[in-house]
Every structure is written in C-alpha cells, then in structure tokens.
There are 2 protein chains.
Amino acid sequence: MTESAPHSTGARKLPTPVAAAIDRAESLLQGQGLRLTPVRRRTLEILLETPGALGAYDVLARLAADGFGSQPPVAYRALDFLVEHGLVHRLRRINAFTACSHPGEHHHAAFLICRNCKRVEEVHAEHLRATLVSDARRAGFEVERTSLEASGLCPDCREGAIPDGAAT
Amino acid sequence: MTESAPHSTGARKLPTPVAAAIDRAESLLQGQGLRLTPVRRRTLEILLETPGALGAYDVLARLAADGFGSQPPVAYRALDFLVEHGLVHRLRRINAFTACSHPGEHHHAAFLICRNCKRVEEVHAEHLRATLVSDARRAGFEVERTSLEASGLCPDCREGAIPDGAAT
DNA sequence: TGTTGACATGTGATAATATAACTTTTAGGT
DNA sequence: ACCTAAAAGTTATATTATCACATGTCAACA
Ligand SMILES: [Zn+2]
Ligand SMILES: [Zn+2]
Ligand SMILES: [Zn+2]
Ligand SMILES: [Zn+2]
C-alpha cells in the first residue's frame, strides 16, 4: 500500500529509504517495549515521504484517505506519540511536524524552515542547546526542553526570492 | 486608569517602571515616524504589567474591558505591530506574547518559559543566534528570523516541582 | 479458555488560536 | 473645509488542538 521508487538495477530487494526508516523506527520502539501500530506507522511514513513539514490536519487527511479515523485525535495521538519517542519533531513556528532525520541518536536539533518552499532542514544543535542550558542555569533556570528554529531561505530558493516582511 | 505601586518615600513623581517603559516605547516609535496609538499603548501596558506572557485572547479581553474593540483583530493587530517594531516578543511554544525587556537595542533574545508558573525570562542570545546563523550558512541556508525558546523551571519553581512528561 | 486490564482507536463535540474581508473612524496635510 | 492614508471596528470564517466517552485489541493469567 506504500510502494514506489523503482530502481534501474534489476535488484528489487533494496528497501526504499522510507521503508528502511520505518524498520529502524520499529526496532527502536520494540527495544523500549513500545509498539509501532498501524496508524503510527502510516503517520511516520507520511512524514517520511514528505520533503517539508506537514500540519496535523494534512496528516489527518492522508490517514483518513487510507482508511483510518478521520477525527483530529487520530492524527494528534499518533503525532504526539512519535514526537515523544523521538521519531518526529514538532515545529512551533509553523505548527507542523517533520520526520526526524537521524532518530534513535538522542540528539538535540535545530530546524531551518524555508519560508518559500516550506522545506525543512534538521541540523545538529548539541552546542546550541548546551549554550542555552548553561545561560539558563546562570539565571537559575532549569531547562527541560528547547525549540530552536529559524526561518529564511533554503539554498534552492535564494535566487529570485521575494524580500521579507515582518519582525522576528 | 493604570496607576498603582505607592512608594514609601513621599516622592510621588517617580514614574512606575511600566510608565517609563511606555515613554521609552513612544520615543522609539516617534523616532521612526510611527505612532503608539491608544490600543497599542494599552496593549503594551497590559503586557508590561504581566510577569509572564499572555495569549492574544487574554490581551483582547483586557482591551475590551477597557472599552476597546472586542474582536480578535483588535488584539492581533496591536500585537503584530508591537512585535514588528521590537517592543513585544511572540513565544511560539506557548502561543503567547510578552513585553520586550530591553527594547530599542536591536537585540536577539532567547526565552526561558517556566512550565509551572508561566513566568518568562528574556535572555540575550546574540551568540546563540550567531551560531545558528553560521551553522545554517554552512548548509546554504539564509536565516532571516529565529525562535529560541526553552521551557523548564524557573528558580522559584524548582522545589516541590512535579517531574515532567513528554518529549522535546 | 475465559476474564481482565492496559493500551489503542474511533467519534462527536468543542475549545483555542488566527486571519480575511469589508466598513467606519481618525489624524494630518493641503 | 477637504482629502487621503492609516488605524480601528465588525462580521465571518479558517486553522489548530483538546476533551470526553464508547469501542476495539491483545496479552497476562486464573
Ligand atoms: Zn531529529
Ligand atoms: Zn526553499
Ligand atoms: Zn527583547
Ligand atoms: Zn516558575
């Protein structure tokens, strides 16, 4: 129900990147006694198949089209689960979700969101996070979670791009 | 309509911190040919009077109570204007707004948001921003705006605090 | 094997956040 | 006084997110 990407090599055993990511996700979860149920699996696939980020309702529409429930909690529950277990990230600047590009590595990431084509790049941000945590500690504040996001223009969109608009 | 904070010294000329901030804001705007109209002024006051952050609808309710319009665009327009001109920051993790604590200095800030008491601390983040911008440039991405936010526990809330919950 | 309990899913209703489109008012310049 | 542009008001609607409760699935185990 989710095949695509034929190869020029006769080899048709090679899993697509999406399938590989799903397998990896499944192992990760099983190692923690958690289940990648059908809705969750399909939700992750949907995000993996998408270059940019998707809103919860975009995900929901695709899930419903595949025969899953069509009410918001269906999408939000799957998304929340995947976020909680590090397979998906939530982008607060744009109220959207994107598949993690290196799951299972217990990482902290920052996100570069193209305002033109909506593509999202996940970059490592251990150092950013560490700096923020230590700045915070200096103020007596104990950091639990962070949102490190930037919007701007991706490499492909930098030419012929419209200026900008409002503030930070 | 917005007085409070009596002093023990007989001096009653000293402006409150809020009034001072309003004056500063007004000068800053006038210097750019912009107007701090009544709704905008009151909106800024409301945020300045609040230790934490307020949602747009909280602001709206207060504005309406003061005789301004009671429909969402009234609040959103004032808030957007203030954000655009650096007097207010928008917190995307919590869909809320907070007065800038050092306006007019063309700064980039990060925000520490207490999940317990909702208080918000604004910290300088020129270095964080610079790091992110340069990490991004290395990926060919041109940063225009950033959201650097953390949630956790403020100094006052660290004792007797409930553990935590979900993921980043 | 049947019961039970935890987890997962489905659904309807509603809350919370945000914007669009249009009208009226206001502040300033001529 | 008249005109114009910006601001404020208002109605309606779009978008995002959660609550509450019913139903289904599955494995532990009596
Ligand atoms: Zn990731
Ligand atoms: Zn782009
Ligand atoms: Zn500030
Ligand atoms: Zn606190």
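For clarity, every value in this text was computed on a predicted model and none was experimentally measured. In what follows, chains are A, B, ... by sequence order, proteins preceding strands, each numbered from 1. Scope of the values below: all heavy atoms of this structure, side chains included, with no hydrogens, waters or symmetry mates.
A residue-by-residue look at B/Ala56 and A/Gly67 shows that A/Gly67 has its nearest nucleotide of DNA chain C further toward the 5' end. Taking the nucleotide of DNA chain D with the nearest heavy atom to each of B/Phe81 and B/Asn95, the more 5' of the two is matched to B/Phe81.
A salt bridge is defined here as a Lys NZ or Arg NE, NH1 or NH2 lying under 4.0 Å from an Asp or Glu carboxylate O, and B/Arg93 with B/Glu149 fails to meet this definition. Taking 4.0 Å as the cut-off between side-chain N and carboxylate O, B/Asp80 and B/Arg77 do not count as a salt-bridged pair. Classification of B/Arg42 and B/Glu49 as a salt-bridged pair holds, one side-chain N sitting under 4.0 Å from a carboxylate O. At a threshold of 4.0 Å, the pair B/Glu26-B/Arg41 counts as salt-bridged, since one of the basic side-chain nitrogens sits closer than that to a carboxylate oxygen. Ionic pairing of B/Arg129 and B/Glu126 is not present here: no N-O contact between side-chain nitrogen and carboxylate oxygen is shorter than 4.0 angstrom.
No side-chain donor from either of A/His85 and A/Gln32 sits under 3.5 Å from a side-chain acceptor of the other.
Scanning all heavy atoms of the two residues, the minimum distance from A/Gly152 to B/Glu144 falls at CA-OE1, 3.7 Å.
For A/Pro72, taking side-chain heavy atoms from C-beta onward, the closest of the listed nucleotides D/dA8, D/dT18, D/dT11 is D/dT18. Side-chain proximity of B/Val74 to D/dT10, D/dT16, D/dA7: nearest is D/dT10.
One interatomic measurement links the two molecules: CG of B/Leu29 to C1' of D/dA7, which rounds to 14 Å at whole-angstrom precision. The interatomic distance linking A/Leu79 (CG) with D/dT15 (P) rounds to 18 Å, in whole Å. Rounded to an integer number of Å, the gap from CG of B/Leu60 to P of D/dG9 is 10 Å. Atom pair B/Leu36:CG and D/dA8:C1' shows a separation of 15 Å (rounding to whole Å applied). Atoms CZ (B/Phe68) and C1' (D/dG9) sit 12 Å apart, rounded to a whole Å. Summarising the geometry, the separation between OH on A/Tyr57 and P on D/dT18 is reported as 10 Å, rounded to the nearest angstrom. Here the P atom of nucleotide D/dT15 and the CG atom of A/Leu91 are 19 Å apart, to the nearest Å.
Taking side-chain N and O atoms only, A/Arg77 has no distance below 4.0 Å to OP1 or OP2 of D/dC19. Note on A/Tyr76: a side-chain N or O is less than 4.0 Å away from OP1 or OP2 of D/dA17. Not one side-chain nitrogen or oxygen of B/Ser70 sits closer than 4.0 Å to the OP1 or OP2 atom of D/dG9.
Residue B/Arg40 is in sugar-phosphate contact alone, with no base atom involved, counting any heavy-atom pair closer than 4.0 Å across all strands shown.
Nucleotides of DNA chain C that come within less than 4.0 Å of any heavy atom of chain A span, from the 5' end to the 3' end, C/dA8 to C/dG12.
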